[in-house]
Asker: 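Could you have a look at this structure, given as C-alpha cells, before my questions?
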Amino acid sequence: MSLLDKLKWRYATKKFDATKKIEANKLEYILDAVQLAPSSVGLQHFRVLVIEDADTRAKLREAAYGQSQITDASQIVVFAAETNLNEDYVKNFINHVAVSRNVERESLADFEAMILGTINARTPEQLLIWAQKQAYIGLGILLTAASEQDVDSCPMEGFDVAKFDEILGLEEKGLTATVIAAIGYRAEDDAFSQLIKVRKPKEELFIHI
Ligand SMILES: Cc1cc2nc3c(=O)[nH]c(=O)nc-3n(C[C@H](O)[C@H](O)[C@H](O)COP(=O)(O)O)c2cc1C
C-alpha cells in the first residue's frame with residue numbers, strides 16, 4: 001500500500017480494542033518518526049509523553065470528557081509545548097547543535113543571536129503559540145507514521161488543558177498539554193471505520209498561483 005492508501009485507510013478511531021497493544025518495534029518506529037519531526041529553527045520546543053499507566057489514564061479520561069479512547073487505546077501520546085522558552089533553553093540548544101555537528105560553539109554565534117532576537121521580539125503568549133505549532137507538526141508525523149505501520153490513531157483536542165497539566169505535573173516541568181493522540185488498534189465494531197471520508201474537493205482546497 002502506498003502512503004496515500006494508508007492515509008485513506010486511517011481514520012479518527014473512536015473505539016479501540018482495549019485488549020490489543022502495539023508491538024514494541026512498531027511503537028518505537030512511530031516514536032522515532034516523531035523524534036524526526038522538523039521544528040522552527042530546530043528548537044523542538046515541545047515534549048512528548050507516552051502514557052500507559054491505567055490509573056493516570058482513568059484520571060485523564062475524566063478530564064477528556066469521558067472519551068473512551070483515553071483508557072482503551074494502547075497508549076496515549078501527549079504533545080506538550082514548552083512554556084519556558086528563554087535564553088537558557090536556547091543556550092542548551094546551541095550547545096547541542098555544536099556537539100551534534102562537531103563544530104565550535106563560536107561558529108554558531110550568529111545563529112544563536114538570531115534565535116534570541118526572535119524570542120525577545122515575542123510576548124510569552126506568542127512564544128507559547130509558536131511552541132504549540134511545533135507540537136502539531138509532531139502530531140501530524142505521528143498520525144502518518146502510525147498509519148504507515150497499520151496502527152490506528154485518534155488525534156484529540158477535546159480535553160481540559162488545566163486538568164491535564166495538573167494530572168501530569170506539567171506546569172513544574174515548564175510544559176503545557178497542547179494536543180494528544182490515542183494510538184492502538186480499532187475495535188471490530190467501531191462504526192466510524194465504515195464512514196466515507198469527507199474532504200474538501202481539490203479545487204476548494206488548493207489554490208494554484
Ligand atoms: C487537532 C484535532 C483534534 C481532534 N480532536 C478530537 C477529539 O477530541 N475527539 C475525537 O473523537 N476526534 C477528534 N478529532 C478527529 C476529527 O474529528 C477527525 O480527524 C476529522 O473528523 C476527520 O476525520 P478522519 O480523521 O476520520 O478522516 C480531532 C482531529 C484533529 C486533527
Side-chain angles (χ1 to χ4, degrees), residues 1-18 20 22 26 30-31 33-34 37-40 44-52 56-83 128-168 170 175-206:
M1 264 210 277
S2 70
L3 178 58
L4 217 49
D5 289 327
K6 302 271 186 177
L7 292 175
K8 287 175 186 166
W9 168 84
R10 71 145 291 284
Y11 73 105
T13 305
K14 305 289 173 186
K15 192 172 175 191
F16 283 88
D17 183 338
K20 289 189 184 161
I22 299 174
K26 287 192 176 198
I30 293 165
L31 298 180
V34 173
S39 60
S40 193
Q44 289 184 288
H45 23 333
F46 61 93
R47 300 282 305 264
V48 185
L49 293 90
V50 183
I51 301 165
E52 289 190 45
T56 306
R57 285 165 60 160
K59 290 183 204 150
L60 293 176
R61 177 172 171 165
E62 235 174 87
Y65 315 110
Q67 296 190 80
S68 66
Q69 297 99 315
I70 302 285
T71 48
D72 297 349
S74 178
Q75 279 85 15
I76 299 303
V77 182
V78 177
F79 292 85
E82 294 276 355
T83 54
L128 178 58
I129 292 169
W130 190 34
Q132 288 171 329
K133 287 176 183 171
Q134 318 308 316
Y136 274 82
I137 297 172
L139 172 75
I141 298 263
L142 175 127
L143 299 177
T144 308
S147 70
E148 199 229 357
Q149 293 296 303
D150 303 315
V151 168
D152 286 300
S153 61
C154 186
M156 301 170 83
E157 279 177 329
F159 63 93
D160 184 317
V161 172
K163 286 187 184 154
F164 262 55
D165 286 355
E166 193 190 325
I167 294 164
L168 298 171
L170 294 182
L175 298 168
T176 185
T178 296
V179 68
I180 65 179
I183 52 175
Y185 291 105
R186 64 188 71 177
E188 273 177 22
D189 61 347
D190 184 5
F192 282 81
S193 69
Q194 303 303 318
L195 294 182
I196 291 170
K197 267 217 183 304
V198 180
R199 293 295 189 268
K200 285 182 183 177
K202 285 178 186 162
E203 59 276 17
E204 270 183 40
L205 181 62
F206 299 109

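Order of listing sets the numbers, starting from 1, for every ligand and every atom in it.
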Asker: May I ask you to list the atoms of ligand 1 that are less than 4.0 angstrom from any heavy atom of K14?
Answerer: 10 (C), 11 (O), 12 (N)
Asker: Could you list which atoms of ligand 1 come closer than 4.0 Å to a heavy atom of C154?
Answerer: 10 (C), 11 (O), 12 (N)
Asker: State, to 0.1 Å, how close I183 and S153 come at their nearest heavy-atom pair, and which atoms those are.
Answerer: CG2-CB, 3.9 Å
Asker: Tell me whether the count of non-hydrogen atoms from other residues, nucleotides or ligands lying under 6.0 Å of CD in Q132 goes above 12.
Answerer: yes
Asker: Mind checking whether F164 and F159 have parallel, tilted or perpendicular rings, split at 30° and 60°?
Answerer: tilted
Asker: Quick one: do T144 and E148 satisfy side-chain contact (heavy atoms from CB on, under 4.5 Å)? Show the steps, please.
Answerer: CA-CA 6 Å; T144 308; E148 199 229 357; 5.9 Å; no
Asker: Does only the side chain of R199 get under 4.0 Å from ligand 1, or the backbone, or both, or neither? Count heavy atoms.
Answerer: side chain
Asker: Among all protein non-hydrogen atoms, which one is nearest to atom 25 (O) of ligand 1, and what is the separation to 0.1 Å?
Answerer: R10 NH2, 2.8 Å
Asker: Quick one: does Y185's side chain get under 4.5 Å of D150's, heavy atoms only?
Answerer: no
Asker: In terms of residue, atom name and distance, what is the protein heavy atom nearest to atom 13 (C) of ligand 1?
Answerer: P155 O, 3.1 Å
Asker: Side chains of Q134 and S40: does their closest heavy-atom pair fall under 4.5 Å?
Answerer: yes
Asker: For A12, counting its heavy atoms only, list the atoms of ligand 1 lying under 4.0 Å from any of them.
Answerer: 15 (C), 18 (C), 19 (O), 24 (P), 25 (O), 26 (O)
Asker: Against heavy atoms of Q69, which atoms of ligand 1 measure under 4.0 Å?
Answerer: 11 (O)
Asker: For K200, does the NZ atom have more than 12 heavy-atom neighbours from other residues, nucleotides or ligands under 6.0 Å away?
Answerer: no
Asker: Could you check atom 9 (N) of ligand 1 against the protein and tell me its nearest heavy-atom contact, residue, atom and distance included?
Answerer: Q67 OE1, 2.8 Å
Asker: Protein heavy atom under 4.0 angstrom of atom 21 (O) of ligand 1, is there one?
Answerer: no
Asker: Does G158, backbone or side chain, put an N or O under 3.5 Å from an N or O of ligand 1?
Answerer: yes
Asker: Identify, by atom number and element, the atoms of ligand 1 in contact range of Y11, meaning under 4.0 Å from any of its heavy atoms.
Answerer: 26 (O)
Asker: Atom NZ of residue position K133 - does it have more than 12 heavy atoms of other residues, nucleotides or ligands inside 6.0 Å?
Answerer: no
Asker: Which heavy atom of the protein is the closest neighbour of atom 5 (N) of ligand 1, given with residue, atom name and distance?
Answerer: E157 N, 2.9 Å
Asker: For the pair V78 and I180, evaluate side-chain contact (heavy atoms from CB on, under 4.5 Å) and give the outcome as yes or no after the intermediate values.
Answerer: CA-CA 4 Å; V78 177; I180 65 179; 3.7 Å; yes
Asker: Tell me whether atom 29 (C) of ligand 1 lies less than 4.0 Å from at least one protein heavy-atom position.
Answerer: yes
Asker: Using a 4.0 Å cut-off to any heavy atom of K197, which atoms of ligand 1 qualify?
Answerer: 24 (P), 26 (O), 27 (O)
